[in-house]
Amino acid sequence: MDATGRKRIVIVGSGVAGSILAYGLRDLGNVEVICLERATTEDHAEAGTGLNVGPNAIKALRLYQPALAALLEAESLPWLSWRISLTGGRELMNLPLSEVADNPGIRIRWSQLYALLRRPVQQQVRFGTEVAAMRYARAGEAGPMVVETLGEDGSTEIIDGIDLLVAGDGRYSKVRETFLGRPQPKFLGVCIFRLLLEDARPDLVDDYEQWFNGPNRLLAFRIPGNATYISGSFPILPEEDVPAEAKRPDVLRALYTPADGPPSAQCAFMIDAICSHVADIHWARLQEAPAEFCDSNRRILLLGDAAHPMVPTLGQGATQAIEDACVAAAELRAAFADAADGSIAGALERIEQRRRARVEFVVDFSRQATDTMLAGADPVSGSLAKTGPDFRARLMKLYRDVSAA
Ligand SMILES: Cc1cc2nc3c(=O)[nH]c(=O)nc-3n(C[C@H](O)[C@H](O)[C@H](O)COP(=O)(O)OP(=O)(O)OC[C@H]3O[C@@H](n4cnc5c(N)ncnc54)[C@H](O)[C@@H]3O)c2cc1C
């Protein structure tokens, strides 16, 4: 609680979930919201990535935060279709999203998404401020919770009297590690890399597409600013890091070149781009961990990747962070409008009730949809199965099951 008796909420991280939650709580008179973000406003660490954000996130934003939805839709390109082919050119699936979703998704630059989400909450976010330590208050400290921050200039500060601490600090969440323990990641045995090409060829690559050569997959789409986002994946041993040899241009070229002929014009463009920009590639491994939303005292709320790190196969990481933040803001607003004692614990319980089953469905579906990217997979039968009724029904559930309460 602050000096004027307002409840104090500290959000760690002004990423996707943290920024939207701060926005959703910005005008509550009886609550002080402080968002702590270690990145500075000049930090462009994620500039090299594009994102496709699912129709379900846009549906949630239109429902809960329509001004934010309008802002994102105005500054992005619509995601309208999903096509799957072989790198030689044979088409396996071509799905207009309108058949399984109520509205389009979006295609956007990661740095642009962060900039758009952070702009309306600039007053609440302390940039260049890392949360270095946190705890339940010790004797003599104002509780229930306390965080210690480290500024970019080396200065330190203690923020006490925190009624609710929110983990919006992403996949390697220090909040989750401190209060719930470090989650054990499960690696799927797939390397994924991403490259942002400051060059667009809309005649070749425009809306969201994937191309397979065996289990080795390319994925690409155009994003605003005349750029093409390309992501590649290939199987590796689950317990091993990405082998250095796999990062060589000749090895990458071979991974995506069909054995029985030349690559399609689309794939030739992407393979050449990858091989001539190897130094700009970001490398990662597909991994997930069990979902957690609260600590046992119900004073810590986990959102986004801090709550449920998942594989990016269906483009649902940021998408679910958006759904989380919309629901969390609505429940916290309802709790603070009521201002009853114990309202925070009750709100956290309701957030978990509303989110757990949905998130577990998305985590499972994302893992199952990775089937065609695993060692030994047959992308033809696997992709054709994705045109069948079972996969389509699950896509409809994924993209449409967003409700007001
Ligand atoms: C290869 C790849 C491709 C992906 N593609 C997609 C996609 O197409 N679509 C999609 O929806 N998702 C995708 N994702 C996932 C998506 O990027 C994440 O799920 C999403 O960013 C999670 O949002 P978040 O708010 O939980 O965390 P983040 O957006 O990661 O934000 C966390 C914030 O916390 C800050 N922070 C961390 N620690 C501290 C600290 N101690 N103190 C202060 N600040 C801190 C960070 O600087 C950051 O700003 C992809 C992920 C990967 C790896």
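Residue numbers start at 1 and run along the sequence shown. Everything quoted here is computed from the prediction, not taken from an experiment. As the structure lists them, so they are numbered: ligands from 1, and atoms in each ligand from 1.
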Shortest protein contact, atom 5 (N) of ligand 1 (heavy atom only): Leu51 CD2, 3.6 Å
Any Arg126 heavy atom less than 4.0 Å to ligand 1: no
Test item, Trp110 contacting ligand 1 (heavy atom, 4.0 angstrom): yes
Residues which pass salt bridge (charged side-chain N to carboxylate O under 4.0 Å, His left out) with Glu209, listed by chain and number, not counting sequence neighbours: Arg83
N or O pair under 3.5 Å between Ala39 and ligand 1: no
Ligand 1 contacted by Ala284 (non-hydrogen, < 4.0 Å): no
Whether Asp324 lies under 4.0 Å from ligand 1, heavy atom: no
Residues which pass side-chain hydrogen bond (donor to acceptor under 3.5 Å, both in side chains) with Asp364, listed by chain and number, not counting sequence neighbours: Arg367
Arg358 side chain vs Leu398 backbone, donor-acceptor pair below 3.5 Å: yes
Which residue and heavy atom of the protein sit nearest atom 35 (C) of ligand 1, plus the separation: Glu37 OE1, 3.3 Å
Closest protein heavy atom (residue, atom, distance) for atom 18 (C) of ligand 1: Asp305 OD2, 3.3 Å
Short N or O distance, Glu130 and ligand 1, threshold 3.5 Å exclusive: no
Sub-6.0 Å ring centroid separation between Tyr256 and Phe234: no
Protein contact of atom 4 (C) of ligand 1 - nearest heavy atom, named by residue and atom, plus distance: Pro312 CB, 3.7 Å
Shortest protein contact, atom 28 (P) of ligand 1 (heavy atom only): Tyr114 OH, 3.3 Å
